[in-house]
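Numbering of residues begins at 1 and proceeds along the displayed sequence.
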Amino acid sequence: MKKYYTRACNFVYGKSSIELVRKKQNLPLNGNKKISFGQIEILTRTSIKIIDLKNIKKLPKSLKEKINKDLKIIVKKNKNFSSLNFNKIPNIMGILNLTPDSFSDGGKFNKKKTGMSHAKDLFKSGADIVDVGGESTRPGSKPVSKKEEWNRIKEILKDINKKIPLSLDTRKSEIMSKGIKIGVKLINDVSGLSYDSKTVDVLKKSKTPFVIQHSQGTPEQMQKNPKYKNELLDIYDFFEQKIKFLISMGIKHNNIMIDPGIGFGKNLKHNMNLIRSVSIFHTLGFPILLGLSRKNFIKNLSGKNDSKERLGGTIASSLYAIMQGVQVLRIHDVNELRQSIKVFKELIKN
């Protein structure tokens with residue numbers, strides 16, 4: 001049986017959006033009238049068709065029922081958690097790598113003094129939450145022991161968790177448990193809870209919100225010729241199946257955020273198709289997190305104009321993600337992105 005997918009598209013912002021929602025020409029994304037959409041893309045494994053919302057009634061009965069069911073999910077408000085307000089687009093997750101070998105800033109903040117200072121700077125610059133990691137998961141990286149990972153992060157977690165909302169970037173259940181006891185507000189697992197079989201029990205017991213990220217393979221192998229039949233729909237199906245499993249295990253729906261995992265087992269084509277059509281994941285009914293900051297796709301596209309920081313490509317892709325209603329952006333350069341967002345919103349507010 002052919003499977004259909006619904007992607008909200010043709011987004012409008014600000015006063016224009018509010019007016020179109022009032023006139024019932026557009027539907028609000030997650031109940032937020034300041035961002036709405038007037039078209040949908042209907043996808044299958046072999047076709048793509050864009051139609052106006054007003055033409056949904058002309059579709060065959062079974063397809064119309066499917067689309068209307070999806071639209072109810074897309075317009076439903078997401079419940080806020082972990083100091084994040086999903087009615088605000090975007091929330092900013094600042095990145096604090098306490099590692100010697102992360103791809104962009106490894107070794108830069110892995111001392112207690114520099115790490116503490118950077119966490120405070122990220123928060124003061126406008127990060128809504130700071131994501132702390134003690135194990136690099138860049139392409140080609142190797143895992144570190146639980147003991148080493150915990151030793152890298154424990155002092156900073158203890159010192160700043162009451163002053164700054166913290167997310168913990170880890171794949172290991174024992175590290176999750178220790179971080180949750182200290183007071184971290186969110187768990188960010190790049191393996192999609194597949195690296196450690198005990199992570200689901202930890203999250204269920206603690207009722208701590210978490211991010212499910214998609215990745216293909218381990219960091220050591222993930223960039224060695226990744227393949228998909230259809231990266232967008234394959235990853236959508238992955239989330240659909242994973243979430244169904246987690247809910248069957250007793251995980252609460254309102255504790256989940258999803259991340260398509262840009263650069264985690266994806267080549268340039270895969271990454272670009274995911275970014276272009278990232279709004280398809282709204283149909284799953286969960287907030288979307290996107291990690292675009294300084295990623296390798298920027299180097300691939302910019303060629304000789306590439307720089308180590310890749311700030312220009314980060315801002316360009318982040319603003320594009322905002323235009324598709326992505327609720328959370330994971331970012332190194334918080335102040336610069338905040339500046340670009342202020343200018344962007346001023347330009348589109350009418």
Between K244 and E240, is there a salt bridge with N-O shorter than 4.0 Å?
no
How about T314 and H332: do any of their side-chain heavy atoms sit closer than 4.5 Å?
no
Quick one: are the ring centres of F286 and F281 less than 6.0 Å apart?
no
Crowding at NZ, K252 (>12 non-hydrogen neighbours, <6.0 Å)
no
Answer yes or no: are there more than 12 heavy-atom neighbours, outside K69 itself, under 6.0 Å from its atom NZ?
no
Hey, could you give me the CG/OG1 distance between L71 and T6, rounded to the nearest 0.5 Å?
6.5 Å
Decide side-chain hydrogen bond (donor to acceptor under 3.5 Å, both in side chains) for D70 and T283; before the verdict, give the C-alpha distance in whole Å, the side-chain angles of both, and the deciding distance to 0.1 Å.
CA-CA 6 Å; D70 287 346; T283 314; 5.6 Å; no
Report the distance from atom CD1 of I235 to atom OH of Y228, rounding to the nearest 0.5 Å.
4.5 Å
Minimum side-chain heavy-atom gap I153-L168 below 4.5 Å
yes
Ion pair R330/D259, N-O distance below 4.0 Å:
no
Is it true that N335 and R338 share a donor-acceptor pair across their side chains at a distance under 3.5 Å?
no
Could you go step by step and tell me if K79 and H253 meet the side-chain hydrogen bond (donor to acceptor under 3.5 Å, both in side chains) rule?
CA-CA 10 Å; K79 186 177 179 181; H253 181 285; over 6 Å; no
Would you say L122 and I164 make side-chain contact, with heavy atoms under 4.5 Å?
no
Which of K266, K227, R45, K229 passes salt bridge (charged side-chain N to carboxylate O under 4.0 Å, His left out) with D234? Answer is R45
Would you say NZ of K242 has more than 12 non-hydrogen atoms from neighbouring residues, nucleotides or ligands within 6.0 angstrom?
yes
Are any of the side-chain heavy atoms of L166 and I182 separated by less than 4.5 Å?
no
NZ of K146 to NZ of K178: how many Å apart, nearest 0.5 Å?
8.5 Å
Checking the side chain of K295 only, and the main-chain atoms of I262 only, is there a donor and an acceptor separated by less than 3.5 Å?
yes
Does any donor atom in the side chain of R7 or S279 lie under 3.5 Å from an acceptor atom in the other side chain?
yes
Has E19 got more than 12 heavy atoms of other residues, nucleotides or ligands less than 6.0 Å from its CD?
yes
Exceeds 12 heavy-atom contacts within 6.0 angstrom, atom NZ of K154:
yes
What distance do L193 atom CG and K198 atom NZ have between them, rounded to the nearest 0.5 Å?
15.5 Å
In the structure I gave you, are the side-chain heavy atoms of E231 and K269 within less than 4.5 Å of one another anywhere?
yes
For a side-chain hydrogen bond (donor to acceptor under 3.5 Å, both in side chains) check, start with the C-alpha distance between H118 and D121, then their side-chain angles and the critical distance, and finish with the verdict.
CA-CA 5 Å; H118 191 56; D121 287 345; 4.9 Å; no
Distance from L59 atom CG to K49 atom NZ, nearest 0.5 Å?
6.5 Å
Sorted by chain and number, sequence neighbours left out, side-chain contact (heavy atoms from CB on, under 4.5 Å) with K76 holds for none
For V211, is there any backbone N or O sitting under 3.5 Å from a side-chain donor or acceptor partner on N188?
no
Contact check, side chains of V278 and P260, non-hydrogen atoms, under 4.5 Å:
yes
Go through the steps for Y236 and N230 under the test side-chain hydrogen bond (donor to acceptor under 3.5 Å, both in side chains), then give the verdict.
CA-CA 10 Å; Y236 186 100; N230 179 314; over 6 Å; no
Output for pair (M323 CE, N10 CG), nearest 0.5 Å, gives 10.0 Å
